[in-house]
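Here the structure is a predicted model, which is why all the values come from computation and not from measurement.
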Amino acid sequence: MTRDTLHAGPLQRGLKNRHIQLIALGGAIGTGLFLGSAGVLRSAGPSMILGYAIGGLIAFLIMRQLGEMIVEEPVAGSFSHFAHQYWGPYAGFLSGWNYWVLYVLVGMAELTAVGKYVQFWWPEMPTWATAAVFFVLINLINLTNVKAFGEAEFWFAIIKVAAIIGMIVLGLFLLFSGQGGEQASISNLWSHGGFFPNGISGMVMALAIIMFSFGGLELVGITAAEAAEPRTVIPKAINQVVYRILIFYIGALSVLLALYPWDSLLQTLGSAGDPYSGSPFVQIFSLIGSDTAAHLLNFVVLTAALSVYNSGVYCNSRMLYGLAEQGDAPRALLKVNRRGVPVLAIAVSAAVTLLCVAINYLAPQNALELLMSLVVASLVINWAMISLAHLKFRKAMQQRGVEPGFKAFWFPFSNYLCLAFVAGILVIMLFIPGIRLSVYAIPFWVAFLWLCFRLRRARAVRIG
């Protein structure tokens with residue numbers, strides 16, 4: 001690409017209502033549900049259903065807080081802009097760069113998951129090689145134009161939605177027709193050690209991994225700058241989150257855990273020495289002898305991971321664009337091509353995400369758990385920043401005499417509830433040996449961003 005094809009310019013509002021609705025849905029269904037649920041099952045057993053319901057409620061409250069701000073000011077950079085505008089420059093800098101790193105890590109985790117799904121068909125295929133292939137493919141789609149991204153995400157999400165509904169229907173048929181075998185029974189939800197086989201503490205400990213599943217819901221906020229009618233479509237997308245959680249998480253998990261004893265399923269999943277060696281969703285249908293369903297479902301979970309990575313590539317480039325707009329990133333990242341695509345922002349994000357290939361090469365069995373724990377640590381900061389920024393935003397609106405058109409629920413109680421929840425997640429993570437390091441890394445990460453912020457400001461003063 002020649003230099004003169006890039007110029008500083010606005011993003012294009014090329015995302016329609018159907019794109020936004022499916023993007024919001026796509027962020028809610030990915031590796032956290034299809035593969036991460038293996039780790040949740042190990043800790044919580046059938047009580048994982050209640051754990052996902054609790055996590056989903058908090059995620060929905062956070063979404064409503066974010067949604068209130070977006071509807072009033074649909075801008076690029078989303079919550080980074082709000083933190084910057086209503087809290088202060090460092091808050092905007094921290095939340096923006098933290099979210100960028102969060103989605104780089106999400107992208108790495110999704111590409112890792114893709115490698116594991118492909119191994120269902122070709123066990124000898126190394127995860128790093130698969131990650132490299134799909135890394136190139138998804139970035140090429142995003143370099144085309146925002147409509148190409150929207151269309152890709154629309155069809156990825158359509159596949160996920162149709163498949164999960166089909167899976168629930170098939171599961172119910174197998175369960176009540178007797179075709180699922182004698183082990184298929186609703187009593188599986190409580191007859192193998194009870195609904196809380198590891199006690200309530202087992203479910204509480206699982207909340208740290210469950211949080212990973214809901215880490216993509218805020219993505220709808222990033223789409224605001226390129227949505228054709230943000231004040232109409234954003235509230236609709238956010239309000240539908242609660243139904244999606246009920247259907248796609250609670251419904252699907254309830255049916256699947258009724259089809260096969262959870263402890264036997266866990267034993268099969270862990271037989272390879274890697275608790276995340278395969279999707280519980282795929283494994284259940286394989287165990288009950290429905291190989292066709294298992295192969296179809298593996299294709300679906302593969303597209304689900306690609307969908308979330310596709311969203312991540314989009315989200316990261318737009319967050320960098322928003323950071324550059326508010327002076328927290330190099331101005332060069334504002335450059336777009338003639339189709340309104342922020343090419344340099346995509347390239348920078350891709351260069352860092354490429355580390356995923358190296359991680360999967362060096363530690364193929366531990367890569368996913370490591371990446372998920374880092375995502376959760378970043379997500380804790382992100383959700384806390386959204387709730388705190390919303391408190392500041394509402395105070396500013398009240399001082400101006402402005403009544404928001406799309407209000408968050410239970411203000412300010414919901415803000416404090418969400419903040420208490422994310423603080424609790426940090427405490428839980430400290431008790432889990434494999435992921436406590438990511439909690440220790442948080443103060444160093446925040447301090448590093450503070451240093452970067454001060455250096456950025458000092459340089460701006462010198463240039464000014």
Side-chain angles (χ1 to χ4, degrees), residues 20-21 24 27-28 52-92 94-96 98-99 102 207 210-211 213-225 227 229-246 249 322 326 378-427:
I20 303 293
Q21 300 302 321
Y52 275 101
I54 293 170
L57 171 64
I58 299 297
F60 179 61
L61 293 176
I62 293 275
M63 286 287 288
R64 284 292 302 226
Q65 292 162 19
L66 177 59
E68 179 181 315
M69 297 187 286
I70 293 167
V71 170
E72 292 302 312
E73 298 178 33
V75 295
S78 186
F79 36 84
S80 171
H81 163 82
F82 301 120
H84 189 281
Q85 187 82 2
Y86 297 101
W87 193 351
Y90 174 63
L94 168 63
S95 59
N98 178 74
Y99 195 67
L102 165 64
L207 286 172
I210 287 171
M211 232 185 117
S213 303
F214 298 111
L217 289 172
E218 328 84 10
L219 176 63
V220 70
I222 305 296
T223 66
E229 298 176 22
R231 289 185 170 87
T232 303
V233 300
I234 299 293
K236 191 183 296 184
I238 289 173
N239 282 335
Q240 289 176 359
V241 166
V242 67
Y243 305 115
R244 294 179 189 125
I245 290 168
L246 287 172
Y249 281 81
Q326 65 194 32
S378 300
L379 187 59
V380 164
I381 297 173
N382 184 46
W383 280 11
M385 295 297 283
I386 291 173
S387 271
L388 289 168
H390 178 253
L391 285 169
K392 305 272 187 184
F393 169 85
R394 180 65 77 88
K395 184 179 178 181
M397 292 297 105
Q398 288 170 346
Q399 288 172 347
R400 294 179 195 170
V402 175
E403 193 74 14
F406 181 61
K407 286 187 176 181
F409 286 136
W410 311 332
F411 173 86
F413 170 74
S414 66
N415 297 72
Y416 298 123
L417 176 64
C418 294
L419 290 168
F421 178 81
V422 295
I425 292 294
L426 287 180
V427 174

Side chain to side chain contact (heavy atoms under 4.5 Å, CB included) evaluation trace for Asn98 with Met385 | CA-CA 10 Å; Asn98 178 74; Met385 295 297 283; over 6 Å; no
Answer whether the closest heavy-atom distance between the side chains of Gln85 and Lys392 falls below 4.5 Å.
-> no
Heavy-atom closest pair (His390 atom, Met69 atom, distance to 0.1 Å) is CA-SD, 3.8 Å
Do the side chains of Gln65 and Phe393 get nearer than 4.5 Å, heavy atoms only?
-> no
With sequence neighbours excluded, tell me which residues meet side chain to side chain contact (heavy atoms under 4.5 Å, CB included) with Leu388.
-> Trp87, Leu391, Leu419
So CZ of Phe406 and CG of Leu66: to nearest 0.5 Å the spacing works out to 10.0 Å
Side-chain heavy atoms of Ser414 within contact of Arg64, under 4.5 Å | no
Grab the two heavy atoms, one from Pro404 and one from Glu68, that are nearest each other, plus how far apart they are.
-> CG-OE2, 3.4 Å
Measuring from Phe409:CZ to Asn415:CG, what's the distance to the nearest 0.5 Å?
-> 13.5 Å
Starting at CG of Leu379, measure out to CD1 of Ile425 and round the result to the nearest 0.5 Å.
-> 9.0 Å
Would you say Phe82 and Ile70 make side-chain contact, with heavy atoms under 4.5 Å?
-> yes
Residue pairs passing the salt bridge (Lys or Arg N to Asp or Glu O under 4.0 Å) test where at least one lies in residues 53-62, sequence neighbours excluded = none
Nearest 0.5 Å please: distance from the CD1 atom of Ile381 over to the CD1 atom of Ile386.
-> 12.5 Å
Does any non-hydrogen side-chain atom of Trp383 lie less than 4.5 Å from one of Ile58?
-> yes
Who passes side chain to side chain contact (heavy atoms under 4.5 Å, CB included) against Val402, sequence neighbours left out?
-> Glu72, Met397, Arg400
At what distance, to the nearest 0.5 angstrom, does CG of Leu94 lie from CG of Asn382?
-> 9.5 Å
